[in-house]
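First comes the structure, then the notes that go with it.
Counting convention: from 1, in listed order, for ligands and their atoms alike.
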Amino acid sequence: MQVELLGNVESAEMRNGAFIINTAVAQAQVTVYSDTIIRVCITRKGKQPESLAVIERPLDNFTYQKLDDTIEVNTPGLKLVIEKNPLRFNFFTADGKHLSSDDKRFGTTLHSDKVMNYRQLHSDEKFIGLGEKTGNLNRRGMHYVNWNTDAAEHTIKDDPLYKTIPFYIGLHSGVCYGLFFDNHHKSYFDFGASTDEQFTWFGADGGDMNYYFFGAQSIADIIKDYTWLTGRIEMPPLWSLGYQQCRWSYMSADEVLGIARKFRERKIPADAIYCDIDYMDNFKIFTWNKQNFPDPKGMVDQLRAINFKLVTIVDPGIKIEEGYKEYDEGVAKGYFATYPNGELYTGSVWAGRSHFPDFFNEEVREWWGNAFTALTEPGVEGFWNDMNEPAAWGQNIPPIVKFGERYMPEVRNAYGMQMARATQAGTKKLLKNKRPFILTRAAYAGTQRYSAIWTGDNSASDEHMLYGQRLVNSLGLGGFSFIGVDIGGFMGNPTPELMVRWNSLGVYTPMFRNHAAQGMCMREPWEWGEENESIIRKDIEQRYKLLPYIYSGFYQSTQTGIPLSRTLAIDYTWDENVYDERFQNQSMFGEAILVAPVISTALNADVYLPQGEWYRFSTDEYFEGGQVVNVAAPLNDLPVFIKGGAIIPMQSLVQSTSDKNDGVLYIHIWNGANANEFVYYEDDGISYNNEKGEYYKRTIRFEPENRAVTLFAVEGSYPSKYKTMKLVFHGFEGAATVDKENNSDVIIISF
Ligand code: GLC
């Protein structure tokens, strides 16, 4: 097998908005997407690849300069220096600071079907991101593979897991950059792991060396650019941000209803309950088990009457059984994956021997989407897409399995994404103007447009809880804001202490879902003794009080791509402590709340508070930032800190998001040296009317020097649910609570 280097440039010209460079073995196309995004795509002179991830188009034109040995592409934010002999691509800031370059010796190589890119490694270079990957926040010294896998019973070291997000951010010498390798073949990322510190490399088993380089000079701006390119989340239905109770499985409608009622009886707020695979007839997707779920609509109606929504699971595998509608139709219409000779591919999953829909085909997606009537007619509004790596017992779906014209090795990493896409499109149509809640396990870059995600089958241990937080934060760097982990741990049984601790962390996780595997102990809040139940209740109550803040945080994600749960590396990029293994699990939840996960056996913790002013949420105790503090961490009080100057809108306690609240919006403000602003956002939380301007949005500004708070004029036509606003001040001398009527004018409050 010959490794081919690109060689020297033989021709270079601008054609239809792309700069096209030919060498003897390859063609490179350079296109510019914005001031800070340049794409390089190196092919074997084949056609340009189509992207499932990217939703934007390149600019029609850009300026470049042909020099003797180089060609320079200059945008207002980025400079690309293309060396001609041999062909290499080197990126700089517009003012000439070095960002990242091809390794001088190797650059991009073609290696039979493989494409690889070797890049210079800076001695102080850190790498963050790459989605759902184990290991430390700083990925320097690690090697990863992307090959979507049903990683059942994975450890905190296993790789690959379920998702492929080939996007990372590099940091060195005070500069940062992003790199997105848009290729869903099996891919490899080596962050200086095995190269004697000489270079870093990435590549794939097939496809093209097709990457986007991001040159914005803050992590937040790189995320904004990446999510501009690959899309952002939609506003989720408000109910999906409440507490969710899941289990594999509640075995009957009576059990589902019994559990839901118990939440109401015990006054533990909750919004969603799940049916895992056992609601189906023999695991046949889009069917109900008639014995245990004889009246799905009746069940959903009764759930609705107590303000619960139902989420049901769907897997891709369609059971081979004549007379089963989806099987018969799929076979008749040729909708399933085949072998090259046209025979249908068969693999085994929960349902036994099954065929797998070709979600890459639009007609199949449409067919799949329409089949959700079996679930939407009884009133289901949440759709959980599982096993879509795709999983098959033994994992080894052979490479000759075909999806239309494409073979397994090319499509595997994007299969789950296309399933989620089909599910979202179909259920959106069926639910008319209502927002469906979609959850998927497998994903490729861009899936944030279609679905929330969770991190799969974790285990009931402290180390899984901590590393789960890193997964959430890493996925957040890749555009996924709506993420959850199985709280309590899917496999194994948590101790009561771990359950309580994990639940308190769940309050500050974008998706708050308790889930457990078959055969594991029951996980519901009342299973842990009275004292623990009351801590769990208090924490879930806190989640509900925080929903106005959380919902506004999701709105921010829809506009900017900045995730709700953020590694401290986003706001405190150049602070070395952030990458310290002792503090790397800490994160910001939205703009103002710092959360420090603590294992269940420790009752105090070292917490790193970055530069600035901080207040403990539970006590208002003040802490100077820029230091490690040792704080009490009893099971009923996870260390959570509020940033000085923070503005946090909250509401009174409700038992579900459909409850009518008391009409008061509490705007909490903590003292701080610097002025601060918060964009408060509200809409009906149900429909897509927000896209037609039916929202309520207002900027709230706090100015410490004048002791003033300004509520700027309301934008949008949605009348707020809250008739009055109460401003509550923390850390100020002599500031009393202020009540104001919530009208849409500018309101200035001095205190
Ligand atoms: C997979 C999922 C898990 C689910 C189970 C049964 O293991 O990851 O969440 O409960 O399948 O459907």
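Between Trp147 and His184, the ring center distance fails the sub-6.0 Å criterion. Aromatic ring centres of Phe189 and Tyr144 lie farther apart than the 6.0 Å criterion allows. Remark: aromatic rings of Phe437 and Trp384 are distant, center separation not under 6.0 Å.
For the pair Trp248 and ligand 1, the shortest N or O to N or O distance does not fall below 3.5 Å.
Interface atoms of ligand 1 facing Ile313, defined by a heavy-atom separation under 4.0 Å, are 12 (O). Less than 4.0 angstrom separates some heavy atom of Asp276 from each of these atoms of ligand 1: 4 (C), 6 (C), 10 (O), 12 (O). Taking every non-hydrogen atom of Trp350 and a distance limit under 4.0 Å, the qualifying atoms of ligand 1 come out as 6 (C), 11 (O), 12 (O). Under a 4.0 Å criterion applied to the non-hydrogen atoms of Trp384, ligand 1 contributes the atoms 9 (O), 10 (O). Taking every non-hydrogen atom of Trp454 and a distance limit under 4.0 Å, the qualifying atoms of ligand 1 come out as 8 (O), 9 (O). Short contacts between ligand 1 and Arg441, defined as distances under 4.0 Å to a heavy atom of the residue, involve ligand atoms 1 (C), 2 (C), 7 (O), 8 (O). Near Ile277, meaning under 4.0 Å from one of its heavy atoms, ligand 1 places the atoms 6 (C), 12 (O).
Looking at Arg470 and Thr567, their side chains never bring a donor and an acceptor atom within 3.5 Å of each other.
Asn370 is linked by a side chain to side chain donor-acceptor pair (under 3.5 Å) to Lys429, counting only residues two or more places apart in sequence or in another chain. Taking the side chain to side chain contact (heavy atoms under 4.5 Å, CB included) definition, one finds that Glu234 meets it with Gln424, Lys428, Tyr688, sequence neighbours left out.
Distance CD/Glu533 to CD1/Ile268: 4.5 Å, rounded to 0.5 Å.
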Any chance you could lay out the side-chain contact (heavy atoms from CB on, under 4.5 Å) test for Trp248 and Asp278, step after step, and finish with the verdict? CA-CA 8 Å; Trp248 171 23; Asp278 296 286; 3.6 Å; yes
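The shell of residues lying under 4.0 angstrom from ligand 1, judged by heavy atoms, includes His515.
Among all protein heavy atoms, the one lying closest to atom 8 (O) of ligand 1 is Asp457 OD1, 2.5 Å. Among all non-hydrogen protein atoms, the one lying nearest atom 11 (O) of ligand 1 is Asp386 OD2, 3.0 Å.
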